Amino acid sequence: MAKIAIVTGGTRGIGLAISKRLASDGYQVVAVGRKSLSDVLPVLKEISKEPVGTRYIQADVSSSDDRKRIVSETVEAFGRIDLLVNNAGVAPKNRADILQMEEESWDYVIDTNTKSNMFLTQEVAKVMIGQPVLYRKRGTIINISSCSAEVSSTNRAEYCVSKAGISMLTTLYADALSKYGIYVHEVRPGVIKTDMTSTVVGKYDSLIESGVFPIARWGYGEDVANAVAIFASDELLYTTGNHIDVDGGFHIRRL
Ligand code: NDP
């Protein structure tokens, strides 16, 4: 029986790499994004060799109604949810110093990145709690946060706070859901080549060249997807609330 995985932001960037990896590992992928179905059809065919095996739900994760619909449509179609990957996220539309940041930008980033994580996880957890164990788990939830959960960038404070919030949600849900056989983990990417970083390529090229990252290259979506696959596997059954840094060793403090 195929496991069912919801991947938010699953048709682009890091989320697309995750969707492809999970599909190749045998999951029935339900990819979520804001674009219309016709816009993402070619991508859905890339995700799975059998496009009928990949579902798409057009939804905005910052909308409460849409979050409920993501869960109800998935359960209606497949009867259960084995894996939720909370990947959808946004950077501030404009980078502004913390002393100039506007409330609108704060609300946009926190709503999309953190509030959606809190309440989509809540909806999915309620389904997982009520479903029978499949293989050895009742479910797995994996949050894509960022090195920004710990690293200060004073020109995008709302993003850093949004990701630090996701780290605490990982801890809270890991604690609350462990008794049900539901595992919660976090993957913290560093600098990954996607649309999100396309406006700062020059800056990161220079940082890589200067030796800031011990593994001196850009990260790719596949690097993040590999970490997701490890947490999603049935191998880590005495481990919850953990994170993997996928950042080329950027988290290592040096003297
Ligand atoms: P992209 O900008 O390339 O893609 C963002 C994805 O999120 C798209 O698939 C988009 O789908 C989806 N998305 C955004 N807002 C919403 C929304 N309101 N509702 C539904 N889907 C939404 O970003 P990345 O692939 O680079 O980033 C993916 C995740 O990884 C994010 O959480 C990001 O913060 C995190 N990350 C990225 C890093 C990087 O260097 N790239 C580093 C650290 C963390 P669509 O446009 O179709 O709606």
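The structure displayed is predicted, hence computed values, not measured ones. The analysis underlying the following values was restricted to heavy atoms, covering all of them including side chains, and did not include hydrogens, waters or symmetry mates. When a ligand or atom number is given, it counts from 1 through the structure's own listing order.
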Only pairs at least two apart or in different chains count here, so list each ring pair (Phe, Tyr, Trp, His ring centres under 6.0 Å) that has a residue in residues 108-161.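 Residue pairs passing ring pair (Phe, Tyr, Trp, His ring centres under 6.0 Å), neighbours aside: none found.
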
Residues 149-156 side chain polar contacts: donor-acceptor under 3.5 Å, at least two apart:
none

Answer whether the closest heavy-atom distance between the side chains of H185 and T239 falls below 4.5 Å.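 In short, these two side chains touch, coming nearer than 4.5 Å.
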
Do you see a donor-acceptor pair shorter than 3.5 Å between the side chains of E186 and S167?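 E186 vs S167: donor-acceptor pair found between side chains.
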
When you compare the side chains of D65 and S63, does any donor N or O come within less than 3.5 Å of an acceptor on the partner?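 Distance-only check fails for D65 and S63.
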
I'd like the contact residues of ligand 1, where contact means a heavy atom below 4.0 Å.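 Answer by chain and number: G9, R12, G13, I14, G33, R34, K35, A59, D60, V61, N87, A88, G89, V90, T112, I144, S145, S146, Y159, K163, P189, G190, V191, I192, T194, D195, M196, T197.
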
Pairs under 3.5 angstrom only: tabulate donor-acceptor contacts from the side chains of residues 83-90 to other protein residues two or more places apart or in another chain.
residue: N86; atom: ND2; partner: T121; partner atom: OG1; Å: 2.9
residue: N86; atom: ND2; partner: N143; partner atom: OD1; Å: 2.9
residue: N87; atom: ND2; partner: T8; partner atom: O; Å: 3.0
residue: N87; atom: ND2; partner: G9; partner atom: O; Å: 3.3

